[in-house]
There are 2 protein chains.
Amino acid sequence: MAHAMTNPTKVKKPPTMRDVAKLAGVSQPTVSRVLNEKDTTISISPETRKKVMDAVEKLGYRPNMHARSLRTQETKLIAVLIADITNSFYPHIARSIQSVAREEGFDVMIFNSDHVYDNEKLFCESVARRAVDGIIMVPIHLTEQDMRELYKQTGSPIAVLGQHINHPQIDVVYADDETAIYNATCWLINELGHHQLGFIGVPDILPPGPRRRRGFMKAVEKANLEIHPDHLIEGDFTLEGGREVGKQLAKLDCLPTALVVSNDAMALGIILELQEAGIRVPEDIAIVGYDNIPEATIIRPSLTTIEQNSSLIGHELSRLLFERISDSSLPARRVELPNDLIIRNST
Amino acid sequence: MAHAMTNPTKVKKPPTMRDVAKLAGVSQPTVSRVLNEKDTTISISPETRKKVMDAVEKLGYRPNMHARSLRTQETKLIAVLIADITNSFYPHIARSIQSVAREEGFDVMIFNSDHVYDNEKLFCESVARRAVDGIIMVPIHLTEQDMRELYKQTGSPIAVLGQHINHPQIDVVYADDETAIYNATCWLINELGHHQLGFIGVPDILPPGPRRRRGFMKAVEKANLEIHPDHLIEGDFTLEGGREVGKQLAKLDCLPTALVVSNDAMALGIILELQEAGIRVPEDIAIVGYDNIPEATIIRPSLTTIEQNSSLIGHELSRLLFERISDSSLPARRVELPNDLIIRNST
DNA sequence: TTGTATGCGTTATCAT
DNA sequence: ATGATAACGCATACAA
């Protein structure tokens, strides 16, 4: 059987510059020059350019990014670490990062940590091997030390959401959540007259945990209020976790009249479970969330919450990153985000 | 100024195998062998292995994936194209793909098309350059021809959600949405006694559009029902698009008594706008969605909808893909997904 | 068991 | 204006 036949087990490899060069009757470096016209000091004759472009077209040639990266140390690739892609807060961030990256001609690798440290470490590993041009991350457990290490290994610019990293090559976007929660709590106390408050936090190992709890505590202490220990509960940032908390609350003999919840996803779960148990929001218990995810306007009552503009966050993170990619001498920057209370019907 | 100082503009490059080899006092290929122990036919002495591992440890050596890929034609990278990362249907898919990929030792590039064709084409471009090991996609406008072309250029295994592609190397995961919508519509007519129905679709250029409309139409034709032209509207799969449709409906003199909507995101927007206008769901108008995204259980009334198990979808897509990555001789497969009606309170 | 040599597809530095 | 040639970091065929 010696027909001309396509080899079924081995895939035809894509054309290379050599193939283009051969077809165009020029040398391979000439093809490279034609394709990378950026260097204006060099010039090539119109006819060879045409020959080359025709060959490129005919063969459907695409440059091989791996070879290029190996040579140039540039990957045109950025890596993004987010904590939970199924929490509506994050997809909007990912979306605007992606859209900025696309404009800049970069591809995006997205990693979802599901809040687990091991996954965050795996992210660092992958990123080190892949030698990406930039890194955007929402670290949960990763320490400042981990991040310095990451920078040392990769040399890549890094932009971080939420953690105050002290490093010349790491830019930070953050919101003053402590103050925002302090203000919201004061508002519950002073404007709405609540005296029995509760707070749903997250374990202290999650960085926003202590900050947000502190904001709440400062406000109640300032007002000289006592907090019942049953009204201080920890969740895990997820809607399901919120449901657990909601069930726990529903069993209590005595509910707080107002609840500050560390994020919207949990607040949603709590509201759904409380309503399930016949407890009314806000009549029996007022609820304030944090994030202003889209569901906050879908749930009834709509959720009073502290806004984080996630599209803006993604935009700022990528702006900082790409600025640093094109100029690594930039000083480290911190951009603080607005963080306003949006009053709706859950309070 | 000739102090020993770190060069501030140029970043120290990461250690290579040569560095490891030099430090360990062996040759570079030996380091390669120690690190890729998979080949059991080859053996290396315990002492050199130790020397090498010590050097690796000391230098913090990480293999350079670009160099490796160039050599092996393997990237340990898959590319994923989804239509709208901010639609809760997709993040769950992305999440399970990511989690399977992580187990298999693969990284994931995610592209968000926002339903636009140009972005889908850019995806194909990027993926061709990047020579990924596999592709998972939820194409919206991409034609079968585009996908054959993509396969021809990349030679990478492809798994697709929703489109029935006829190609030996492209696996497909799909749901019989036409039948599911047909059944749901019949149920509205026969069990719930609705006679004035409406359907919110999407333009025919979006592939699910014709199928889902056909399912609806077949059911109403079978029941000999007339559909008022005002009750056939097209949206764009987004919640905001649903709001537009809702506003349009609210202005109508005569509403249908039941509405079948092509996806949940639009259904949510419609419900919110109708309620805004004082129209009650389901008393004034019953609504059925499609997808069963998490928000379907958050909105009040909770949304009756046709379930698509997005975690399962992601799982199946990645299973098919990784099976084909390890064995390209597999025949093309189609897996059909369950697609059951979940009855809640919007009907 | 280990070392030498080669090539993957590019870009960059020389020449010419 | 263009062509040789080398080098990026790694894996592998072959030699020792």
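Residue numbers begin at 1 in each chain, while the letters A, B, ... track the order of the sequences. This structure is a prediction, so every number in the text was calculated from the model and none was measured. For the numbers below, each heavy atom of this structure counts, side chains included, while hydrogens, waters and symmetry mates do not.
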I need the single residue from A:D146, A:L122, A:I140 that forms a side-chain contact (heavy atoms from CB on, under 4.5 Å) with A:Y117. Which is it?
A:D146

Would you sort out whether A:K51 and A:L23 count as a side-chain contact (heavy atoms from CB on, under 4.5 Å), showing the intermediate values?
CA-CA 9 Å; A:K51 282 189 299 184; A:L23 181 60; over 6 Å; no

Round to the nearest Å and state the distance from A:N36 atom CG to C:dT13 atom P.
13 Å

For C:dT10, take OP1 and OP2 only and decide whether either is under 4.0 Å from a side-chain N or O of A:S32.
no

Rounded to whole angstrom units, what separation is found between the CE atom of A:M17 and the P atom of D:dG3?
14 Å

Salt bridge A:R68-A:E74, side-chain N to carboxylate O under 4.0 Å:
no

Would you indicate whether the side-chain heavy atoms of A:M109 and B:L77 approach each other to under 4.5 Å?
yes

Within this structure, what is the CG-to-P distance between B:N64 and C:dT10, rounded to whole angstrom?
16 Å

Would you call B:K50 and B:E47 a salt bridge, taking side-chain N to carboxylate O under 4.0 Å as the test?
no

What is the nucleic acid contact for B:R129, judged by heavy atoms within less than 4.0 Å: base, sugar-phosphate only, or nothing?
nothing

Rounded off to whole Å, could you give me the NE2-to-C1' distance for the A:H66 and C:dG7 pair?
17 Å

Check the angle between the aromatic planes of A:H66 and B:H66 and answer parallel, tilted or perpendicular using the 30° and 60° thresholds.
tilted

Without decimals, in angstroms, what is the distance between B:D19 CG and D:dG9 C1'?
10 Å

Atom pair distance, as rounded to whole Å: CG in B:L35 and P in C:dT2:
14 Å

Specify the separation, in whole Å, of atom CG of B:L59 and atom P of D:dG9.
13 Å

Which part of the nucleic acid does A:T48 contact within heavy-atom distance under 4.0 Å: base, sugar-phosphate only, or nothing?
sugar-phosphate

Reckon B:T30 has a side-chain N or O less than 4.0 Å from the OP1 or OP2 of C:dT2?
no

Could you write out each protein N or O paired with an N or O of nucleotides 4-8 of chain D at a distance under 3.5 Å?
residue	atom	partner	partner atom	Å
D:dA7	N3	A:R71	NH1	3.2

Tell me whether the count of non-hydrogen atoms from other residues, nucleotides or ligands lying under 6.0 Å of NE2 in B:H315 goes above 12.
no

To the nearest angstrom, how far is B:E74 atom CD from D:dT12 atom C1'?
14 Å

Just to be sure I understand the rule, does A:S45 reach a base, reach only the sugar-phosphate, or reach nothing, if contact means heavy atoms closer than 4.0 Å?
sugar-phosphate

